[in-house]
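The structure appears right after this line, and notes come after that.
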Amino acid sequence: MSTRTRSPWCCRRRTAIKLFTTLSLLLLLPTTTKVCRSCSDGERHALLRRIQPLIGPEFSSNGRLDWDEAVDCCRWEGVTCSVAGRRREAAGGRRVVSLSLPGVGIAGAVDAAVLAPFTALEKLDLSGNQITSFSAANRSDMVVGAVLNNLTALTELHLAGNEITTTGWISNLTSLQVIDMSSNKLHELNGICGLHQLKYLSVGFNMIQGVINPCLGKLQHLVYLDMGSNFLTGEIGQNLLSNLTQVEEVHLGDNNLTGTFDFSSLANNSELHSIVFSNNYKLEIDTELVRWTPLFQLEYLNLSNSIVNKRSNGIIPTFLSAQVSLSGIDLSICSLQGRIPSWMLLYNVSLGFLLLRGNSMDFLDTGNLGANVTSSMEVLDLSNNMITMPMPYNLGSLFPYLKYLDMSSNMLHGGVPSLAEAVSSLQVLDLSFNRLDGEISPEFIGNASILTSLLLSHNDLTRPMPPFHWIPGQLIHLSVENNQLSGGLPPLLMNCTNLENLNVRYNRLSGVIPVGLLNFEKLGALLLGGNQFHGVIPWDICLNNNLHFIDLSNNRFSGEIPGCLYSVFWSELPMYYEDDPFGNITQRRQTYVEFTTKGESLTYMGMPLELMTGIDLSMNRLSGTIPSPVGFLRQLKSLNLSHNKLVGSIPDTFMYLLEMESMDLSHNHLNGSVPVELANLSFLSFFSVAYNNLSGEIPFESQLCTLNGTAFEGNENLCGEIVDKICLMNSNHSHDSDDEMHQLLSMDTMDTPLIYWSFVAGSFAIGFWGIIALLIWNTAFRSRLCSFMDGCMSKMGWILQWDLVTSMGRRRFEWRTQLSSVHGVVGGQDQTNGGGTGGMEAVYGNVVRSG
């Protein structure tokens, strides 16, 4: 056996070959990379230098559309290139065939020249931006069209959700098959009329006015036409739609179309499967003018809010009996009348929903149906009609898949049949505003574990109140208002953990509400008014953080108002109800709440329902004081505590009820005064404290000035300008104050004792010492003064001497006169008695002594 030995030269040769091969590949790599680059240099440059600057900074800076130059441009977000290997790409690489940049902040007028390099572009999506127009040098649509003329491959144009107003610039894009310019500001379609390859046209939610442009009837390849939610007027041309032989869907709803449209003109549109003419309130649609057989099979028909078959007594269109593919019919508010035929309900096995709301249908024909006939219908709305009949006893077996049944606001009478067969699917049941009577059978809805809304209000139903034996774990709305139900609240209510609206008002329910029965995490409206409940108000209502309405009025509740209310309650989440879980199938059903406020019953729904909050505890037997924490319910808009036995004063915390619109505290035993802080409640439009024991002056300030005297009547001790009664205590105090002020103003300052005597002493000191100083220092004045005083003293001496002499002379004269009279008396006595001197001397001696 021989062995072969490899020579060193052979090994070196092979190593050299490998090295040469590796170097050759490395040298060829740049060339290969250049050849296989995804998009051409011109398109790559246009993307980076023309398209990317249009994108809003908030989108380009966060990396969402950060086109990296080092990365293959066909891998950039929003850029799609053609499939490799096409002949046209041999020299320049792959071409950009799709550019999708929805909602990236492109705004204003876009220069059409930025799109010119993309001659292979097949799809352009710039929807959801703020583009106002595509412009050129002189901003005319003709020039813009010329700039875009080389986009011969463009078949899809998506510009929905912008602010474009005209379409003339599109006219040269003759290859277009899809145009979506919905939700813009278009007011004309002239640029679209010449696009004969067009198959899909969506221009809904624009500002297109006037009659429908007849040129659209020439777009014979059109499959989809949507002009809904514009301002179209006039008639629908009879040949407009009949010429569109390939059209499948037509949407002309939510316009102002008028005239009469003959539905038979669509008989030959064999591809037609969806028609929407809804919300053209003056449009008359006639299906019975002639005998005709349609070649189409509709899947969806919506003629709601139009006038159907006015000349044929408003019958349901008979051509529908041959439409076996229908999945949905909406003939709401179409002025229909008469019977609802049985074929409409059961013979179409694919019919998923039927809406006949707001017509004048008077009978539901189920008499000719076989025992084993069932329907696959899920939504049936016959509300607001004039159906006068007992409810079909086999309704549950006829519609075993029913999820939504609304027969409210009719004239149904008799008992409520069993719907147990449909309970596996039934979610919404509304039989309110009828004439149903009798007891509700415990088997009424069987084991309805998925029922979300049970609405039986405004009937004459009697005891007991549902739910019964079924577990209402999914129940959201329970309304049995205005019936004759009696007994207490069912204990199974405790299982309604998702309950948002509980309305049992105006029945004959009674008993004590046990603690824990009304503790619902999501409860927004608790309406128990107009019954005979008694006992204390359970404190666990404070645990319902989402409550917006509490109505316990007109019952027999006693005890005190729960003091557990404070600012966190009624302030966390807004209450908004939507009963319709079926999307766009039925119109949005907003739960409404009737609530008495401002002295009248008001209905809240929609946004007002979301914002409204109110408490009504009136017409009970509540006692004690009003809890101060009520004043911390800052979002409370209505408070009614009238017709109770409340005592004490109005809490000062009411000053924080800044959202308050209506406050009724009348017919209680409240005392104290009306807080002046209530004047700062600037939204307060209804206020009453009538028939209490309030006293004092009513503040005449701010919001209280807008009230009249009826708000305060029945309070004998209230006074003020509002009630036109003078406050006596304040009047006397006012007079005293006026007198004091008058005295202060009129009294001389000198009349005060201290100042008076100080003035006297000071004047005396100044006068006395002033004269002494003058006499000492002025000799001449002293001499003259002494001379003057001597003269005065001399004159006073003469006067005194004269007075003395005069008085002595007067006395002598009187003496002489007395002496003469004495002599006469003595002389007479002497003559009588014979004379003598003793008597004379005695008299004389007395005269001398007296003198």
Side-chain angles (χ1 to χ4, degrees), residues 25-26 28-106 110-129 131 134 144-162 169-170 172-181 195 197-200 202:
L25 290 175
L26 291 175
L28 291 174
L29 184 60
T31 305
T32 305
T33 304
K34 183 175 182 180
V35 172
C36 297
R37 182 177 295 169
S38 68
C39 57
S40 66
D41 290 338
E43 291 180 341
R44 183 185 183 88
H45 183 272
L47 288 171
L48 292 173
R49 301 296 179 262
R50 297 188 178 187
I51 301 298
Q52 192 175 35
L54 298 176
I55 299 172
E58 66 275 17
F59 297 95
S60 58
S61 61
N62 61 7
R64 175 182 171 185
L65 289 174
D66 188 10
W67 290 345
D68 188 355
E69 297 186 29
V71 178
D72 184 353
C73 60
C74 286
R75 297 180 181 178
W76 291 348
E77 182 177 355
V79 179
T80 303
C81 296
S82 59
V83 179
R86 292 186 182 180
R87 181 177 301 175
R88 64 181 181 181
E89 299 164 358
R94 298 167 65 186
R95 305 296 303 278
V96 175
V97 296
S98 176
L99 189 58
S100 180
L101 300 173
V104 293
I106 302 176
V110 176
D111 187 357
V114 301
L115 300 174
F118 305 98
T119 56
L121 196 64
E122 298 175 2
K123 178 181 177 181
L124 177 61
D125 186 356
L126 300 178
S127 58
N129 287 285
I131 301 172
F134 286 88
V144 175
V147 173
L148 298 177
N149 196 32
N150 59 342
L151 299 181
T152 56
L154 190 63
T155 59
E156 294 188 30
L157 180 61
H158 300 269
L159 296 174
N162 283 282
W169 55 276
I170 306 178
N172 290 339
L173 301 176
T174 55
S175 299
L176 280 175
Q177 297 180 12
V178 175
I179 294 180
D180 185 358
M181 297 185 68
L195 305 179
Q197 302 300 318
L198 201 60
K199 295 181 179 180
Y200 182 101
S202 177

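Worth saying up front: this structure is predicted, and the values here are computed from it rather than measured.
To the nearest 0.5 Å, the span separating CG on L48 from CZ on R50 amounts to 12.0 Å. Rounding to the nearest 0.5 Å gives a distance of 7.0 Å between CZ of R94 and CG of D72. Note that CD of Q177 is 6.5 Å distant from CD of Q197, once rounded to the nearest 0.5 Å. Taking CD1 from I179 and CG from L195, the interatomic distance works out to 5.0 Å, rounded to the nearest 0.5 Å. Atoms NZ and CG, from K199 and L176 in turn, are 12.5 Å apart once rounded to the nearest 0.5 Å. Between atom OG1 of residue T80 and atom CG of residue L99 there is a gap of 8.5 Å, rounded to the nearest 0.5 Å.
A heavy-atom distance below 4.5 Å is found between the side chains of V178 and H158. Looking at heavy atoms from C-beta onward, D180 lies out of side-chain contact with L157 at the 4.5 angstrom threshold. Side chains of V114 and F134 form no contact here, defined as non-hydrogen atoms less than 4.5 Å apart.
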Does the pair M181 and N162 meet the rule for a side-chain contact (heavy atoms from CB on, under 4.5 Å), with working shown?
-> CA-CA 8 Å; M181 297 185 68; N162 283 282; over 6 Å; no
Checking side-chain contact (heavy atoms from CB on, under 4.5 Å) for the pair F118/N150: CA distance, chi angles, key distance, verdict?
-> CA-CA 9 Å; F118 305 98; N150 59 342; over 6 Å; no
Determine, step by step, whether E43 and R95 satisfy the side-chain contact (heavy atoms from CB on, under 4.5 Å) criterion, reporting the C-alpha distance in whole Å, the side-chain angles of both residues, the deciding distance to 0.1 Å, and the verdict.
-> CA-CA 8 Å; E43 291 180 341; R95 305 296 303 278; 3.0 Å; yes
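Nearest heavy atom pair, residue L154 against residue L124, reads CD1-N, 3.9 Å. For the pair I106 and N129, the tightest heavy-atom approach, listed with the atom from each and the gap, is N-OD1, 3.0 Å. What you find for A153 and T119 is that their closest heavy atoms are CB-O, 4.0 Å. Residues P117 and A46 approach most closely at CG-CB, 3.9 Å, considering heavy atoms.
The side chain to side chain contact (heavy atoms under 4.5 Å, CB included) test applied to S127 returns P102, D125, A160, not counting sequence neighbours.
In this structure, the side chain of W76 does not engage the main chain of L47 through any donor-acceptor pair within 3.5 Å.
For the cysteine pair C74 and C81, the distance separating the two SG atoms is below 2.5 Å.
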